[in-house]
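A quick write-up on the structure given underneath.
All ligand and atom numbering here is 1-based and tracks the order in the structure.
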Amino acid sequence: MKRIGVLTSGGDAPGMNAAVRAVVRKGIYHGLEVWGIRRGYAGLIDGEIYRLGLRSVADVIQRGGTFLRTARSQEFMTEEGRKKAVEVLNRFGIDGLITIGGDGTFRGAMELNRLGVKVIGVPGTIDNDLAGTDYTIGFDSAVDTVVDAINKIRDTAASHERVFIIEVMGRYSGEIALTAGLAGGAESILIPEIPYDPQEVCDRLKESYEKGKKHSIIIVAEGVASAQRVADDIRSLSGFDTRITVLGHLQRGGTPSSFDRNLASRLSAAAVEALLAGKSNYMTGIQGSEIKLVPFEEAINKKKKINTELLELAQILAR
Ligand code: ATP
């Protein structure tokens, strides 16, 4: 293997730049040429490829987003589009590819593997929804952003004695809501893995008010319901004064946490080593303190189990 390519794809996540930096510098350390592909699979199909040197990744470790940029490509969803992508890789003489992204990105990578491309994935998504890795790059930073917002909203919630509902990302996964909710001391945490029962939320609110609590914070993952709907439910069932905040894309931005930078550095260096060892069709993952190779199939299709004990703990501690 002489020349490898690297791309970021799907939703951006803080720490993607640290991941690209690690691919470039670890690759060059091993005598490889490293080429950057702009705009994910869309840029691959269009041949937006350029060589990355050691200095081209200077001063990016602390930056959010991805300097390679990212995209969602409809064309790549077709066999014809993927064949074009393989032709481009062959034209540039790229014999190994590292894709940084989430489950969609890895589905695409599996298709490339089927067409004969050697490909290793690095989990870069704020969702933390991939099996075989305890954490994905960007999750920790997104949780910090949510906790920072909770802290600020708590100040105003306490002053006005109100119920605040904060909507966070997580269409199918409650990882962000749960981890940030526990860290931020939220009174209720609503996640897609558990059926939503508005009456139960109101009962808990009433109980804590009877115990002297004058304000509450409820975290809702977007996949459960909108913050507006939860606020309407609470108002009509209990009459509490509610306010909503939708954090939206704030959660994707900002400087990556040191945890995410270190995770990105380790997972990406391991991806280069995997390519050098002739491996393909794997994602690098962290399990405990060890870096492992996880088959794409398992990372995507095995359901990551949410730790519901944390939900119970959050409820006990927020009483
Ligand atoms: P995130 O979960 O953080 O948004 P992601 O990697 O899951 O990241 P997607 O938009 O789902 O983001 O996927 C990124 C790209 O991967 C898609 O735009 C598409 O080009 C490609 N892709 C997704 N699913 C498939 C598939 N089944 N086959 C081929 N390519 C796919």
Ring pair (Phe, Tyr, Trp, His ring centres under 6.0 Å) partners for Y282, two or more places apart: none
Options G10, G138, G40, G121, ranked by nearest heavy atom to atom 12 (O) of ligand 1, top entry: G10
Test of proximity, G11 against ligand 1: N or O pairs below 3.5 Å: yes
Closest approach of any protein heavy atom to atom 30 (N) of ligand 1, naming residue and atom: G108 CA, 3.4 Å
Short N or O distance, R107 and ligand 1, threshold 3.5 Å exclusive: no
Note: E111-R114 ion pair, threshold 4.0 Å (strictly below): yes
Test log, rule side-chain hydrogen bond (donor to acceptor under 3.5 Å, both in side chains), inputs K118 and N281: CA-CA 7 Å; K118 293 238 182 247; N281 222 20; over 6 Å; no
Closest protein heavy atom (residue, atom, distance) for atom 14 (C) of ligand 1: S9 OG, 3.5 Å
From the candidates G104, A13, S73, the one that places a heavy atom nearest atom 17 (C) of ligand 1: S73
Using atom types as modelled, flag every donor-acceptor pair under 3.5 Å from a side chain in residues 248-256 to any protein atom, sequence neighbours excluded.
unit_1 : atom_1 : unit_2 : atom_2 : d
Q251   : OE1    : M169   : N      : 2.9
Q251   : NE2    : G248   : O      : 2.8
R252   : NH1    : D12    : O      : 3.2
T255   : OG1    : Q62    : O      : 2.6
T255   : OG1    : R261   : NH2    : 3.2

For atom 9 (P) of ligand 1, closest protein heavy-atom neighbour: R72 NE, 3.8 Å
E193 with K305: basic N within carboxylate O range, under 4.0 Å: no
Pi-cation contact, F92 with R3 (under 6.0 Å, within 45°): no
Contact partition for R82 relative to ligand 1, non-hydrogen atoms under 4.0 Å: side chain
